[in-house]
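Scroll down for the structure; my scribbles are underneath it.
All residue numbers refer to positions in the sequence shown, counting from 1.
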Amino acid sequence: SGFLTRLQTSAPIIRTLSSSNSFSQNIPSCLWKLGRLNHVAIAVPDLEKAQSLYKDVLGAQVSETVALPEHGVYTVFVELGNTKLELLHPLGEKSPIASFLQKNKNGGMHHICIEVDDIKAAMTELKKKKIRILSEEPKIGAHGKPVIFLHPKDCHGVLVELEQA
């Protein structure tokens, strides 16, 4: 009965919030949905040092290094309770991480990755909304799933990766 009383007393507050929450009515229904944050990617100049920080100093579960030649990177995943960190290091001369590290000598946040339930629908709708996608077709990402990257200038300075959930 205590729960019901709390529910009844908090109901007017909830009603007030939802009626003043006008921005939610302006969002058109999409054919696709954003999901959870899959990872935050960090470019690192020294992969072994970075692995050691997360594993030996912070005590995280850290994956083996995986080479992804088609993306020009070595990747290491750091498991966190609710998401992952992806440590990125250049692989090959055309690596986008190499040019990032030239501008950011100590490394830094490179991109965020958010899951989507329908990457093709997301691409179609984002193109209509003038959001630039950095490839014509999805590529297979580090988790073996299709991924696309959205232009940072269209996303308030953040490189956003969308991954098929």
Side-chain angles (χ1 to χ4, degrees), residues 18 20-51 53-54 60 62-165:
S18 64
S20 67
N21 201 352
S22 59
F23 70 85
S24 63
Q25 279 91 31
N26 300 334
I27 299 171
S29 61
C30 282
L31 299 171
W32 60 282
K33 278 204 307 285
L34 269 186
R36 65 185 197 91
L37 176 68
N38 184 285
H39 64 265
V40 173
I42 301 167
V44 297
D46 186 328
L47 196 52
E48 282 178 25
K49 248 189 205 170
Q51 275 175 298
L53 168 70
Y54 288 101
V62 177
S63 77
E64 292 301 309
T65 302
V66 175
L68 293 176
E70 65 278 15
H71 291 275
V73 294
Y74 288 104
T75 66
V76 168
F77 281 94
V78 178
E79 293 291 333
L80 304 174
N82 58 345
T83 190
K84 295 182 277 294
L85 297 178
E86 179 184 35
L87 306 179
L88 295 173
H89 188 72
L91 166 61
E93 290 166 26
K94 294 193 178 90
S95 173
I97 301 306
S99 58
F100 181 89
L101 288 172
Q102 279 166 1
K103 296 177 205 133
N104 307 274
K105 299 284 183 228
N106 297 322
M109 198 195 89
H110 184 263
H111 68 266
I112 63 169
C113 175
I114 305 171
E115 296 174 1
V116 294
D117 63 351
D118 186 340
I119 201 160
K120 288 289 198 181
M123 288 179 77
T124 303
E125 209 160 297
L126 290 167
K127 281 178 186 167
K128 282 183 196 162
K129 293 176 179 176
K130 305 285 186 248
I131 303 293
R132 288 170 285 179
I133 299 167
L134 301 181
S135 61
E136 286 303 309
E137 288 298 318
K139 292 181 177 166
I140 297 303
H143 301 114
K145 296 177 177 176
V147 300
I148 58 170
F149 286 88
L150 309 181
H151 200 297
K153 287 183 178 163
D154 299 339
C155 300
H156 307 283
V158 177
L159 179 60
V160 176
E161 177 183 22
L162 298 180
E163 178 179 288
Q164 177 71 50

Pairwise distance [atom1]([X]) to [atom2]([Y]) - rounded to 0.5 angstrom:
X: Asp46; Y: Gln51; atom1: CG; atom2: CD; answer: 9.5 Å
X: Leu162; Y: Leu34; atom1: CG; atom2: CG; answer: 6.5 Å
X: Asn104; Y: Ile97; atom1: CG; atom2: CD1; answer: 10.0 Å
X: Asp154; Y: Lys130; atom1: CG; atom2: NZ; answer: 11.0 Å
X: His89; Y: Ile42; atom1: NE2; atom2: CD1; answer: 15.0 Å
X: Ile133; Y: Leu126; atom1: CD1; atom2: CG; answer: 5.5 Å

Considering non-hydrogen atoms only, spot the tightest contact between [X] and [Y] and give its length.
X: Ala60; Y: Val78; answer: CB-CG1, 3.6 Å
X: Trp32; Y: Asp117; answer: CA-OD1, 3.4 Å
X: Phe100; Y: Ala43; answer: CD2-CB, 3.4 Å
X: Ile112; Y: Met109; answer: CG2-CE, 4.0 Å
X: Leu37; Y: Val40; answer: CD2-CG2, 4.1 Å
X: His71; Y: Ile140; answer: NE2-O, 2.8 Å

Is the count of non-hydrogen atoms from other residues, nucleotides or ligands lying under 6.0 Å from [X] atom [atom1] greater than 12?
X: Tyr74; atom1: OH; value: no
X: Lys127; atom1: NZ; value: yes
X: Glu70; atom1: CD; value: yes

Verdict with reasoning, Lys120 to Glu137, per salt bridge (charged side-chain N to carboxylate O under 4.0 Å, His left out)
CA-CA 9 Å; Lys120 288 289 198 181; Glu137 288 298 318; 2.5 Å; yes
Qualifying residue for side-chain contact (heavy atoms from CB on, under 4.5 Å) with Leu88, from Val44, Thr75, Val76, Leu101
Thr75
Within the structure provided, determine whether His143 and Glu115 are in side-chain contact (heavy-atom separation under 4.5 Å).
no
4.5 Å side-chain heavy-atom contact, Leu85 and Leu80:
yes
Quick check: does any side chain N or O of [X] sit under 3.5 Å from a backbone N or O of [Y], one acting as donor and the other as acceptor?
X: Gln164; Y: Pro146; answer: no
X: Glu161; Y: Ile148; answer: no
X: Asn38; Y: Cys113; answer: no
X: His151; Y: Lys153; answer: yes
X: Ser95; Y: Gly92; answer: no

Parallel under 30°, tilted from 30 to 60°, perpendicular over 60°: which one fits the rings of His39 and Phe77?
perpendicular
Glu163/Arg36 salt bridge by N-O under 4.0 Å criterion
no
